[in-house]
Amino acid sequence: MDKKNVIQSLETIATYMEIAGENPFKISAYRKAAAALEREERTLLEIEKPESLTGIGKGTASVIEQLRDTGKSDVLDELKESIPAGLPPLLQLQSLGGKKVGKLYKELGITDADSLKEACEKQQIRELQGFGVKTEEKILQALNEVGKRPERLPVSDMLSVAEEIEEQLRTFTHILRFERAGSLRRIKETVKDVDYVISTSDAQSVREQLKTLTDIEEIVADGDTKVSFVLLKKHRIGVDFRLVEDEAFATALHHFTGSKDHHLLMRKLAKDQGKKINEYGVEQDAAGSLVQFKDERQFFEHFGLTYIPPEAREGSGEIERSRHGHSYIQLEDIQSDLHMHTVWSDGANSVKEMAEDAKKRGYNYICITDHSKFLQVANGLNEERLARQAEDIKDANEHVSGIRVLKGTEMDIRPDGTLDFHNDVLQTLDFVIASIHSSFSQSKEQIHERLEAAFRNPFVHMIAHQREE
DNA sequence: GCCGTTTTCGGCCCGACTGTTTTCAGTCG
């Protein structure tokens, strides 16, 4: 059983335990174990003793070992026996957590979505301690919406919604700063809802203005510092706004950018340093005074960390790297592009134009790597045209100053495993990329042999875009 | 279940909001 399946199983165990009403901290240990494995770079077989990982103790380690060695888990089997399979999916419903789902099962014998719906319609839910009319209505509404929209939407869809919202925010008064937060700011591939942090000197006024946003279908929450809507766009889209004073903007932005795992580790680090992080600032234990920050960079510096960009805040080792002074590549750090097509094959610009644009971007050198002759559909170059292109590149080097243009190719690895150019041609080039563009339906072994041929060629520097299985 | 300058017990990240209560539990992010 590979690591991914073990992680999945640990999370399933946690979910079942939640419904069974186990100690929340016991449950979180299994979740922490899944997160620890996720962070771990080694494969499961290379981890001889899972117990040695932080956050994993004896109990969870034995579950992991059993999963690894036999692909089964006694714990999971037992839980599955005691809890109907229809219950865990109910956790996805709005306002239904493990404790409530467990209670519905124990008190009313609810086993799946259908029986839950029936109980709602018979108005039985409202009779339970801790439940009421409103909860019953919410559950019914959530049940009716299942499958109508995907749980998460592609980030590209959300970006256009965000732009519409921001256009309106810019016209509002009393907003000092606003910024996207949540998974949208972390540029996750899929995003559940859109989050904003707004700093203001007049929260009441901003709160009222927010209610004038277009396409509001429902006001989900309307508190002093938090306003949530459902907007009716192509789908129903949740939008959260958090209102803070400007002094708290940086910490609030960090807080609402997440992710959850990143926060758990940040707060642990803070605690180790005798501090406490909340969305308004950092509390120093001794005096209880609140430290606030100009921006997130300063916030990270406060903990002895280098800046961690939103995209890296996943609790997957970034804090540890940052403690050791790791800094992230910025756009201006990029020196070169070694994979470029021009009008010689299927590109849109000439060699000279590519050089000029790269120079504008601050690159020091580039490499022209047009397709080779096998790829007819892309107007691939044969030996004769490759030689003529070399003249073109020489010309670009003479006429565009301050940047060096290298000669390269993106050469096909042909279906029979031979390469599209002979070595005597390849050795005249500065950089050789080898790619498979054809016969993807071959067996794994055949594809492997083709790749190996390229790997073994002393003139090949890089393999490009192999198709993923 | 995990962990330890709080070390074999007692705490575990933190706060807002809602809906249920009548001071708080559950959910959410």
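Letters A, B, ... mirror the listed sequences (proteins, then strands); counts begin at 1.
Residues A/Glu311 and A/Arg186 are not paired through a salt bridge, judged by the lack of any N-O separation under 4.0 Å between the basic side chain and the carboxylate. Using a 4.0 Å cut-off between a side-chain N of Lys or Arg and a carboxylate O of Asp or Glu, A/Asp195 and A/Arg180 do not qualify as a salt bridge. A salt bridge links A/Glu164 with A/Lys233: the closest approach of a Lys/Arg side-chain nitrogen to an acidic carboxylate oxygen falls below 4.0 angstrom.
Judged by a 6.0 Å distance limit and a 45° cone about the ring axis, A/Lys226 is not positioned over the six-membered ring of A/Phe241.
With distances taken from any side-chain atom of A/Lys100 to the nucleotides B/dG29, B/dG1, B/dT27, the minimum falls on B/dT27.
On the P atoms, B/dC12 is 16 Å away from B/dA25, given to the nearest whole Å. On the P atoms, B/dA16 is 36 Å away from B/dC9, given to the nearest whole Å. Annotation: B/dC17 and B/dG10 have their P atoms spaced 35 Å apart (nearest Å). Remark: the separation of the C1' atoms in B/dT18 and B/dT23 is 15 Å, to the nearest Å. When the C1' atom is compared between B/dT22 and B/dG15, the two are found 22 Å apart, to the nearest whole Å. Distance check on atom C1': B/dT20 versus B/dC14 gives 22 Å, rounded to whole Å.
The separation between A/Leu265 atom CG and B/dC14 atom P is 14 Å, rounded to whole Å. Distance, A/Leu184 CG to B/dG29 C1': 15 Å, rounded to whole Å. Remark: P of B/dT27 and CG of A/Asp240 are 18 Å apart, rounded to the nearest angstrom. As a whole-Å value, the separation of A/Lys268 NZ from B/dC14 P is 12 Å. In this structure, A/Leu10 places its CG atom 14 Å from P of B/dG1, rounding to the nearest Å. Computed from coordinates, the A/Phe229 CZ to B/dG29 P distance equals 16 Å when rounded to whole Å. The separation between A/Ile27 atom CD1 and B/dG26 atom C1' is 14 Å, rounded to whole Å. Here the P atom of nucleotide B/dG26 and the CG atom of A/Leu93 are 18 Å apart, to the nearest Å.
Residues A/Tyr328 and A/His326 place their aromatic rings such that the two centres sit under 6.0 Å apart. Here the two rings, on A/His262 and A/His255, have centers that are 6.0 Å apart or farther.
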Show the distances under 3.5 angstrom between N or O atoms of the protein and N or O atoms of nucleotides 15-19 of chain B.
from, atom 1, to, atom 2, distance (Å)
B/dG15, OP1, A/Asn278, ND2, 3.4
B/dA16, OP1, A/Tyr280, OH, 3.0
B/dA16, O3', A/Thr225, OG1, 3.1
B/dC17, OP1, A/Asp224, N, 2.9
B/dC17, OP1, A/Thr225, N, 2.8
B/dC17, OP1, A/Thr225, OG1, 3.3
B/dC17, OP1, A/Lys226, N, 3.1
B/dT18, OP1, A/Asp222, N, 2.8
B/dG19, O3', A/Thr135, OG1, 3.3

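Side chain to side chain, A/Ser73 and A/Gln66 fail the donor-acceptor criterion of an N or O pair below 3.5 Å. With 3.5 Å as the limit, one finds a donor-acceptor pair spanning the side chains of A/Thr306 and A/Ser322. One side chain, A/Gln168 or A/Thr214, offers a donor N or O that lies under 3.5 Å from an acceptor on the other.
Heavy-atom distances under 4.0 Å link DNA chain B to A/Lys58, A/Gly59, A/Thr60 of residues 58-83 of chain A, given in residue order.
Under 4.0 angstrom from either OP1 or OP2 of B/dG29 there lies at least one side-chain N or O belonging to A/Lys192.
Contact check for A/Leu104 versus A/Phe131: side-chain heavy atoms found under the 4.5 Å cut-off.
Checking A/Lys32 against A/Gln129, the closest nucleotide of DNA chain B that is more toward the 5' end is the one next to A/Lys32. Residues A/Glu51 and A/His263 both approach DNA chain B. Their nearest nucleotides, taken by heavy-atom distance, put A/Glu51 toward the 5′ side.
When both pairing distances are held under 3.5 Å, B/dT18 makes a Watson-Crick or G-U pair with B/dA25.
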